[in-house]
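In what follows, a structure is listed as structure tokens, so that the remarks can point back to it.
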Amino acid sequence: MSRTEEQGEMPAGGSLAHRVPDLGGLELLLAVARIGSLGGAARELGITQPAASSRIRSMERQLGVALVDRSPRGSRLTDAGALVTDWARRIVEAAEAFDVGAQALRDRRDSRLRVAASMTIAEYLLPGWLLALRAQRPDTAVSLHAGNSTVVAERLLADEADVGFVEGLTVPTGLDSVVIAHDRLIVVTAPAHPWARRRRSLAAEELASTPLILREKGSGTRQVLDAALGGLARPLIELSSTTAVKAAAVSGAGPAVLSELAVGEELAMRRLVRVPVEGVALARDLRAVWPTGHRPTGPARDLLSLTRG
């Protein structure tokens, strides 16, 4: 054992974390200097007197000098303790400035939320989630960019969104994800279309050979349908939004493949008819996504919590 260690001092070298007392200890020392009582300092900081005594002893061992003289009349700083207290005051003031700056960063982060979402989620799920978030965070300004799943990934990776939502079968490269809901695609058509009156289910071959009103390539809806039909889906029209596909189907332009989330009202009012299909896997997961290793924080984390609730 070295001479320094025999005297109870910390050896030189190593990280500052091992050689400099923590903020809690320095705040306690400042309170003792101000109040003149270890018990009073403990009460001010909300800790027990034994805990305060233990913390002072730990600092003395760490620094290798006595800091406080204790007596029945109170506690006073030693000469070394007075000097350390002056240094501690500057450290605590710097820490307070650090805390104020960190809070300012959090406030700036929390003042806005940038969301990117694929069309079905943006149109039929996000409005409710954002209303709930508004109740929790009325001061957070939210911007929403709706696009297909490919666009959502691009915005996240370019740091143009804080959190995203996609509907495809796979998670885009460079993103982490969590499943937040489940969905199913269904075949729909206007009541006047021959398929609306058929009694047997469509087979995969018939669906694949029929021109359909479809979302564009890159959308989650199109990815699921192409995978289910082995890439054989035939577009009658390709449109870039769920609303446009639905409107075209209602007008009688042809059959369409859409999310169940998007057509509930049209089915209830018989503006569209659901066509049964067999042998085609049209279920899909809806996911929240974010850049790998950067899990959402602040308002983005709160929104994610609401989607899973």
Side-chain angles (χ1 to χ4, degrees), residues 116-126 144-155 164-173 181-267 269-287 289:
S118 51
M119 299 301 296
T120 300
I121 296 176
E123 292 180 278
Y124 300 101
L125 293 176
L126 261 171
L144 170 61
H145 182 90
N148 63 37
S149 296
T150 300
V151 170
V152 171
E154 290 172 351
R155 291 186 73 86
F165 298 93
V166 297
E167 307 157 3
L169 289 174
T170 60
V171 179
T173 302
H182 304 283
D183 187 26
R184 181 178 297 277
L185 301 182
I186 61 174
V187 179
V188 295
T189 190
H193 192 278
W195 281 4
R197 298 183 295 275
R198 65 182 294 143
R199 295 183 179 180
R200 58 186 178 83
S201 298
L202 282 171
E205 295 79 8
E206 188 174 2
L207 184 62
S209 65
T210 302
L212 303 169
I213 305 168
L214 298 175
R215 285 289 308 279
E216 80 286 5
K217 290 280 188 180
S219 71
T221 299
R222 184 65 175 271
Q223 289 175 18
V224 172
L225 182 63
D226 282 346
L229 297 180
L232 300 177
R234 296 178 57 195
L236 173 66
I237 313 172
E238 289 183 321
L239 298 169
S240 60
S241 78
T242 299
T243 299
V245 172
K246 184 166 59 174
V250 169
S251 74
V257 179
L258 287 164
S259 163
E260 281 184 318
L261 297 170
V263 293
E265 180 180 347
E266 286 73 18
L267 292 175
M269 299 184 69
R270 292 287 296 177
R271 293 200 295 266
L272 288 174
V273 176
R274 180 171 183 162
V275 181
V277 180
E278 63 181 9
V280 183
L282 295 177
R284 63 179 178 176
D285 294 328
L286 306 182
R287 294 181 174 89
V289 290

Quiz item: So, for Ala116 and Arg155, which heavy atoms are closest and what is the spacing to 0.1 Å?
Solution: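 Answer, listing the atom of Ala116 first, then Arg155: CB-CD, 4.3 Å.
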Quiz prompt | Heavy-atom pair of closest approach, residues Ala196 and Ala190 | solution =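 Reported closest heavy-atom pair: CB-O, 3.7 Å.
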Exercise. Could you check Arg222, Arg215, Lys217 and say which one makes a side chain to side chain donor-acceptor pair (under 3.5 Å) with Glu238?
Key: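 Of the listed options, the one satisfying the test is Arg222.
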Determine yes or no for a side-chain-to-main-chain donor-acceptor pair under 3.5 angstrom, with [X] supplying the side chain and [Y] the backbone.
{"X": "Arg184", "Y": "Leu282", "result": "no"}
{"X": "Ser118", "Y": "Phe165", "result": "yes"}
{"X": "Glu167", "Y": "Ile121", "result": "yes"}
{"X": "Arg287", "Y": "Val166", "result": "no"}
{"X": "Glu266", "Y": "Val250", "result": "no"}

Quiz item: Do other residues, nucleotides or ligands put more than 12 heavy atoms under 6.0 Å from Arg198 CZ?
Solution: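 Buried by this count: over 12 neighbours within 6.0 Å.
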Quiz item: Passes salt bridge (charged side-chain N to carboxylate O under 4.0 Å, His left out), Glu260 versus Arg274? Steps please.
Solution: CA-CA 10 Å; Glu260 281 184 318; Arg274 180 171 183 162; 3.0 Å; yes
Quiz item: Salt bridge between Arg200 and Glu278, side-chain N to carboxylate O under 4.0 Å?
Solution: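 Result for this pair is no, no salt bridge flagged.
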Exercise. Starting from the C-alpha separation in whole Å, work towards a yes-or-no answer on side chain to side chain donor-acceptor pair (under 3.5 Å) for Gln223 and Ser149.
Key: CA-CA 9 Å; Gln223 289 175 18; Ser149 296; 4.9 Å; no
